[in-house]
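Structure first, then comments.
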Amino acid sequence: MGRRPRGRAIHLLILICLVWGSAAPARTNGSAAFSPQKPQKLKNEDPWKKVFPPYTFEFPRDHGAHPDYKIEWWYYTGNLATREGRRFGYQLTFFRVGVESAPVNPSRWAVRDLYTAHFAITDLDGKRFRHAEKLNRAGIGWAGAEVERYRVWNEDWEARLDEKGSRHLLRASDEGMKIDLRLDPTKPAVLQGENGVSQKGKTPGNASHYYSLTRLATKGILQLGEERFEVEGVSWMDHEFGTSFLEKGQKGWDWLSIQLEDGTDLMLYQFRRDDGATDPHSNGVWVARDGRTTRLRADQFRLTPLAFWRSPASGAAYPIRWQIELPTLGWRLTVRAAVDSQELQTNESTRVTYWEGAIVVEGDRQGRGYLEMTGYAGAAMGAFR
């Protein structure tokens with residue numbers, strides 16, 4: 001599908017910046033919230049739902065949208081290869097940001113939610129990285145996320161479940177790159193944080209409901225330029241929804257998803273503070289071959305940068321080689337970027353510059369995964385939260 005008119009994109013960009021950049025509660029008008037069964041909100045009451053325990057996840061229901069919360073995203077990353085051994089990484093991410101929980105205007109042109117999406121492919125052998133982005137609004141069919149079943153889309157980019165409700169189907173294409181993939185979970189969903197409540201700071205309610213599908217067997221088609229490849233490999237899916245995230249003093253984060261050759265999986269993320277310290281709300285999880293999980297608190301792992309790459313585009317210096325110490329497991333790992341240059345500049349959607357790309361894992365265990373780093377080039381992706 002062709003690009004939308006640039007003037008509309010700029011208008012939506014201004015809206016999204018106002019929504020994400022504001023620390024004040026969203027304005028409400030006293031009308032009913034999104035669900036007609038909800039009671040009316042008080043005039044100065046924040047209409048968006050906060051995250052508190054307990055919460056009982058149900059699948060496939062919770063793959064779908066949660067419109068009572070202001071912010072939601074669906075995140076897919078994976079490492080794929082051809083039969084001949086040519087390797088690729090990919091990222092496909094859909095974001096939903098609430099603008100007005102109950103628009104006064106009943107027209108379908110009223111803006112309740114904005115949707116952005118990021119798509120990237122890394123050619124590990126060719127040392128190439130390409131990315132694309134989309135920004136659209138809900139209500140007129142250009143973008144959306146369903147509640148009763150799992151389907152999220154932005155123009156012709158889409159993630160959904162198949163008719164049986166178990167296999168994830170991904171489609172995205174842009175100039176010179178395309179994916180059409182089938183993903184089958186091989187482990188149950190992992191609830192992050194405390195039973196799926198991932199606390200982001202000390203403020204009560206400042207959290208997300210967060211789960212991961214840490215190992216999805218993946219097959220399909222990947223196209224880069226004029227070359228079309230049949231690929232297979234392993235993917236990771238994250239889904240989070242909440243209303244507020246980074247707090248004052250938190251600068252950004254480093255997030256790793258790792259699938260090891262021994263069949264176990266590892267997720268670690270650390271919040272970086274303005275003073276250089278690691279925020280105590282950082283945490284992680286180790287997932288055994290059979291799906292059992294071991295939570296890792298901030299004091300049970302250490303991430304140490306070993307080497308940096310400076311972006312010629314943004315000037316940001318990103319750690320592209322890390323040492324991971326895991327005393328609980330008795331491991332010391334090293335992760336390195338499969339390609340140094342995997343920075344996304346999303347000037348036509350989120351206006352956030354961040355690094356997200358394929359990594360190689362070495363040391364006491366071997367494997368592959370993905371690394372995301374925010375807050376190294378201006379505002380962090382979480383600053384709007």
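The minimum heavy-atom distance linking Ala65 with Trp74 is given by the pair CA-CZ2, 3.9 Å. In terms of heavy-atom proximity, Ala288 sits nearest to Lys187 at O-NZ, 2.9 Å. Nearest heavy atoms, Trp48 versus Gly98: CH2-CA, 3.6 Å. Shown here for Pro188 and Gly291, the closest heavy-atom pair between the two residues is CD-CA, 4.4 Å. The two residues Ser311 and Tyr318 have their closest heavy-atom pair at CB-CE1, 4.3 Å.
Within the 3.5 Å criterion, the main-chain N or O of Thr214 finds no donor-acceptor partner in the side chain of Ser212. No donor-acceptor pair closer than 3.5 Å links the side chain of Thr203 to the backbone N or O of Asn206. Remark: side-chain polar atoms of Ser282 are paired, donor with acceptor, to backbone N or O of Phe271 under 3.5 angstrom. Using a distance-only test at 3.5 Å, with no hydrogens or angles considered, a donor-acceptor pair links the side chain of Gln250 to the main chain of Lys200. Within the 3.5 Å criterion, the main-chain N or O of Tyr69 finds a donor-acceptor partner in the side chain of Arg96. A donor-acceptor pair under 3.5 Å is formed between the side chain of Arg310 and the backbone N or O of Gly315. Side-chain N or O atoms of Thr374 include one that pairs as donor or acceptor with a backbone N or O of Trp253 at under 3.5 Å. The backbone N or O of Ala358 lies less than 3.5 Å from no partner atom in the side chain of Asn79, so there is not a single donor-acceptor pair. Without hydrogens or angle criteria, Lys178 side chain to Ile221 main chain gives no donor-acceptor distance under 3.5 Å. A donor-acceptor distance shorter than 3.5 angstrom exists from the side chain of Thr186 to the backbone of Arg215, with no hydrogens or angles considered.
Counting heavy-atom neighbours within 6.0 Å of Lys219 NZ, excluding the residue itself, gives a total of 12 or less. Applying the 6.0 Å contact sphere to CG of Asp262 captures more than 12 heavy atoms from other residues, nucleotides or ligands. Remark: Arg365 CZ is packed, more than 12 non-hydrogen atoms of other residues, nucleotides or ligands lying under 6.0 Å away. Applying the 6.0 Å contact sphere to CZ of Arg289 captures no more than 12 heavy atoms from other residues, nucleotides or ligands. Atom CZ of Arg273 has more than 12 neighbouring heavy atoms from other residues, nucleotides or ligands inside a 6.0 Å radius.
Here the CG atom belonging to Asp340 is positioned 4.5 Å from the CD1 atom belonging to Ile320, to the nearest 0.5 angstrom. A distance of 5.0 Å separates CE of Met373 from CH2 of Trp355, quoted to the nearest 0.5 Å. Separating the CG atom in Asp238 from the OH atom in Tyr76 is a distance of 10.5 Å, to the nearest 0.5 Å. To the nearest 0.5 Å, atoms CG (Asn283) and CZ (Phe301) are separated by 6.5 Å. Taken to the nearest 0.5 Å, the CD1 atom of Ile179 stands 5.0 Å off from the CG atom of Leu92. From Thr218, atom OG1 reaches atom CZ of Arg167 across 10.5 Å, with rounding to the nearest 0.5 Å.
Classified by interplanar angle (parallel below 30°, tilted 30° to 60°, perpendicular above 60°), the ring pair Tyr55/Phe241 is perpendicular.
Residues Ser198 and Glu240 have side chains that never bring a donor and an acceptor to within less than 3.5 angstrom of each other. Donor-acceptor pairing under 3.5 Å is lacking for the side chains of Glu343 and Tyr376.
Under the ring pair (Phe, Tyr, Trp, His ring centres under 6.0 Å) test applied with His239, the options His209, His168, His66 reduce to a single match, His66.
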Please set out all donor-acceptor pairs under 3.5 angstrom arising from side-chain atoms of residues 330-339, sequence neighbours excluded.
{"from": "Trp331", "atom 1": "NE1", "to": "Leu329", "atom 2": "O", "distance (Å)": "3.4"}
{"from": "Arg332", "atom 1": "NH2", "to": "Glu325", "atom 2": "OE1", "distance (Å)": "3.4"}
{"from": "Arg336", "atom 1": "NE", "to": "Glu362", "atom 2": "OE2", "distance (Å)": "3.3"}
{"from": "Arg336", "atom 1": "NH2", "to": "Glu362", "atom 2": "OE2", "distance (Å)": "3.4"}

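Counting heavy atoms from C-beta outward, Leu124 and Arg368 have side chains that approach closer than 4.5 Å. Residues Trp322 and Leu371 are in side-chain contact: their nearest non-hydrogen atoms beyond the backbone lie under 4.5 Å apart. Taking the side chain as every heavy atom from C-beta outward, Trp286 and Thr328 never approach each other to under 4.5 Å. For the pair Thr77 and Glu372, the minimum side-chain heavy-atom distance is 4.5 Å or more. Inter-residue side-chain proximity for Val51 and Val197 is flagged as met; some heavy-atom pair is nearer than 4.5 Å. Ile258 places none of its side-chain heavy atoms less than 4.5 Å from the side chain of Leu268. The shortest distance between side-chain heavy atoms of Arg149 and Arg160 does not fall below 4.5 Å. Two residues are said to be in side-chain contact when any heavy atoms from C-beta on lie closer than 4.5 Å; Asp364 and Leu326 fail this criterion.
Annotation: salt bridge (charged side-chain N to carboxylate O under 4.0 Å, His left out) contacts of Asp254 (sequence neighbours excluded): Arg272. Here Arg302 pairs with nothing under the salt bridge (charged side-chain N to carboxylate O under 4.0 Å, His left out) rule; sequence neighbours left out. Annotation: side-chain hydrogen bond (donor to acceptor under 3.5 Å, both in side chains) contacts of His63 (sequence neighbours excluded): Tyr211. Shown here are the salt bridge (charged side-chain N to carboxylate O under 4.0 Å, His left out) partners of Asp290, two or more places apart in sequence or in another chain: Arg292. Looking at residues two or more places apart in sequence or on another chain, you find no side-chain hydrogen bond (donor to acceptor under 3.5 Å, both in side chains) involving Gln259.
A ring-centre distance under 6.0 Å is found for Tyr354 and His118. In this structure, the ring of Trp236 has its center no less than 6.0 angstrom from the ring center of Tyr370.
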Item to complete: Step by step, work out the side-chain hydrogen bond (donor to acceptor under 3.5 Å, both in side chains) result for Tyr269 and Gln192.
Response: CA-CA 11 Å; Tyr269 74 81; Gln192 302 286 8; over 6 Å; no

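A salt bridge between Lys134 and Asp156 is present, with a side-chain N of the basic residue lying under 4.0 Å from a carboxylate O of the acidic one. Salt bridge absent: Arg130 and Asp123 never bring a charged side-chain N and a carboxylate O closer than 4.0 Å. At a threshold of 4.0 Å, the pair Arg297-Asp299 counts as salt-bridged, since one of the basic side-chain nitrogens sits closer than that to a carboxylate oxygen. By the 4.0 Å N-to-carboxylate-O rule, Asp274 lies too far from Lys251 to be salt-bridged with it. A salt bridge between Arg83 and Glu230 is absent, with no side-chain N of the basic residue lying under 4.0 Å from a carboxylate O of the acidic one.
At a threshold of 4.5 Å between side-chain heavy atoms, the hydrophobic network of Ile, Leu, Val, Met, Phe, Trp and Tyr places Phe88 and Val360 in two separate groups. Met177 is connected to Leu80 through a chain of hydrophobic side-chain contacts under 4.5 Å among Ile, Leu, Val, Met, Phe, Trp and Tyr, so both are in one cluster. In the hydrophobic cluster analysis, where Ile, Leu, Val, Met, Phe, Trp and Tyr join through side-chain heavy atoms closer than 4.5 angstrom, Tyr90 is grouped apart from Ile359. Residues Trp153 and Tyr150 are members of separate hydrophobic clusters, defined by side-chain heavy-atom contacts under 4.5 angstrom among Ile, Leu, Val, Met, Phe, Trp and Tyr. No chain of hydrophobic side-chain contacts below 4.5 Å, direct or via other Ile, Leu, Val, Met, Phe, Trp or Tyr residues, connects Met237 to Leu169.
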